[in-house]
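The structure appears below as structure tokens.
Quick caveat, the model's predicted, so the values are computed rather than measured.
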Amino acid sequence: QAQLVESGGGFVQPGGSLRLSCVASGSARDFTVIGWFRQVPGKEREGGSGITRYESPPYYADSVKGRFTIVRDNSKRTVFLQMYALELEDTTIYLCAALFWPFSAPRWSQAVFYDYWGQGTQFTVSS
């Protein structure tokens with residue numbers, strides 16, 4: 001059974017930092033790409049960042065580029081999203097998702113191509 005479990009949400013002040021974790025187990029362990037998506041009520045899931053299991057550059061949405069860093073630990077089947085300089089507008093639920101082959105770079109940010117999803121972790125940026 002494939003499973004993705006996120007953790008690391010909580011409360012943080014504007015300008016603060018937070019690290020989210022996504023642990024893949026079961027068949028999700030063989031992911032090609034792990035993506036982090038924002039879930040804003042009433043809107044489609046928006047890709048924030050993605051990383052392949054290979055030695056290739058990660059992907060970032062323009063809104064987080066320079067503020068977020070995504071890294072993976074293949075041995076632990078874990079992907080981390082380190083977030084810096086958080087803004088009020090970053091408040092949302094973040095979900096991680098696993099995508100399997102075939103994969104092409106433009107797909108990383110498109111939720112429809114992902115096969116498995118975690119339940120999400122909420123974090124709030126507030127003063």
Side-chain angles (χ1 to χ4, degrees):
Q1 183 178 359
Q3 191 174 21
L4 296 167
V5 179
E6 304 96 334
S7 62
F11 289 88
V12 62
Q13 292 186 336
S17 61
L18 206 61
R19 189 177 79 162
L20 305 181
S21 302
C22 173
V23 180
S25 61
S27 52
R29 292 162 56 93
D30 298 322
F31 65 85
T32 298
V33 178
I34 290 288
W36 282 98
F37 286 78
R38 291 163 46 86
Q39 178 70 74
V40 178
K43 295 186 178 181
E44 292 186 0
R45 290 175 179 174
E46 177 183 295
S49 184
I51 191 167
T52 73
R53 66 184 300 114
Y54 310 112
E55 297 300 320
S56 57
Y59 308 99
Y60 297 100
D62 289 342
S63 60
V64 306
K65 201 172 292 183
R67 298 191 298 124
F68 291 8
T69 300
I70 188 170
V71 296
R72 71 180 186 286
D73 182 335
N74 283 349
S75 65
K76 297 180 181 179
R77 298 296 191 268
T78 302
V79 173
F80 302 97
L81 185 66
Q82 180 67 57
M83 305 179 291
Y84 302 96
L86 286 166
E87 304 167 350
L88 297 177
E89 295 75 20
D90 291 318
T91 295
T92 190
I93 295 173
Y94 259 76
L95 305 100
C96 72
L99 181 156
F100 296 84
W101 199 260
F103 168 71
S104 59
R107 293 187 173 189
W108 81 264
S109 62
Q110 299 177 55
V112 67
F113 292 112
Y114 284 77
D115 301 278
Y116 299 111
W117 291 84
Q119 293 298 309
T121 184
Q122 167 81 49
F123 69 88
T124 301
V125 184
S126 175
S127 56

Linking I/L/V/M/F/W/Y whenever any side-chain heavy atoms sit under 4.5 Å apart, do [X] and [Y] land together?
{"X": "Val40", "Y": "Phe37", "result": "no"}
{"X": "Phe103", "Y": "Val112", "result": "yes"}
{"X": "Met83", "Y": "Leu95", "result": "no"}
{"X": "Trp117", "Y": "Trp101", "result": "yes"}

Report the C-alpha distance between Phe80 and Thr69 in whole Å, list the side-chain angles of each, state the deciding distance to 0.1 Å, and finish with yes or no for side-chain contact (heavy atoms from CB on, under 4.5 Å).
-> CA-CA 8 Å; Phe80 302 97; Thr69 300; over 6 Å; no
Would Arg19 and Gln82 count as having a side-chain donor-acceptor pair, cut-off 3.5 Å?
->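 On atom types as modelled, these side chains do not qualify, holding no pair under 3.5 Å.
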side-chain contact (heavy atoms from CB on, under 4.5 Å) assessment of Ser63 paired with Glu46 | CA-CA 11 Å; Ser63 60; Glu46 177 183 295; 4.2 Å; yes
Minimum heavy-atom separation for [X] to [Y], with atom names?
{"X": "Ser7", "Y": "Thr121", "result": "C-OG1, 4.2 Å"}
{"X": "Ser49", "Y": "Leu81", "result": "CB-CD1, 3.9 Å"}
{"X": "Val64", "Y": "Gly48", "result": "CG2-O, 3.3 Å"}
{"X": "Leu4", "Y": "Ala24", "result": "CD2-CB, 3.6 Å"}
{"X": "Gly47", "Y": "Ala61", "result": "O-CB, 3.4 Å"}
{"X": "Thr78", "Y": "Ser21", "result": "CG2-CB, 4.4 Å"}

How long is the straight-line distance from [atom2] of [Y] back to [atom1] of [X], given to the nearest 0.5 Å?
{"X": "Ile51", "Y": "Thr32", "atom1": "CD1", "atom2": "OG1", "result": "13.0 Å"}
{"X": "Thr124", "Y": "Asp90", "atom1": "OG1", "atom2": "CG", "result": "11.0 Å"}
{"X": "Leu86", "Y": "Arg67", "atom1": "CG", "atom2": "CZ", "result": "6.5 Å"}
{"X": "Cys96", "Y": "Ile34", "atom1": "SG", "atom2": "CD1", "result": "5.5 Å"}
{"X": "Phe113", "Y": "Leu99", "atom1": "CZ", "atom2": "CG", "result": "8.5 Å"}

Kindly indicate whether the side chain of [X], heavy atoms from C-beta on, has any atom under 4.5 Å from the side chain of [Y].
{"X": "Thr52", "Y": "Tyr59", "answer": "yes"}
{"X": "Phe123", "Y": "Leu20", "answer": "yes"}
{"X": "Val5", "Y": "Gln119", "answer": "no"}
{"X": "Arg38", "Y": "Tyr94", "answer": "yes"}
{"X": "Phe100", "Y": "Ser27", "answer": "no"}
{"X": "Val33", "Y": "Tyr114", "answer": "yes"}
{"X": "Ser25", "Y": "Arg77", "answer": "no"}
{"X": "Val23", "Y": "Lys76", "answer": "no"}

Gln13 side chain vs Val125 backbone, donor-acceptor pair below 3.5 Å =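 A pair under 3.5 Å: no.
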Report yes or no: does Glu6 contribute a side-chain atom to a donor-acceptor pair with the main-chain N or O of Cys22 at less than 3.5 Å?
->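 The answer is no, because no donor-acceptor pair under 3.5 Å joins these two groups.
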Check the pair Tyr60, Phe68 against ring pair (Phe, Tyr, Trp, His ring centres under 6.0 Å), reporting the backbone distance first and the verdict last.
-> CA-CA 8 Å; Tyr60 297 100; Phe68 291 8; 8.1 Å; no
Take atom CD in Glu44; do more than 12 heavy atoms of anything else shown fall under 6.0 Å from it?
->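 Counting other residues, nucleotides and ligands, CD of Glu44 stays at 12 neighbours or fewer.
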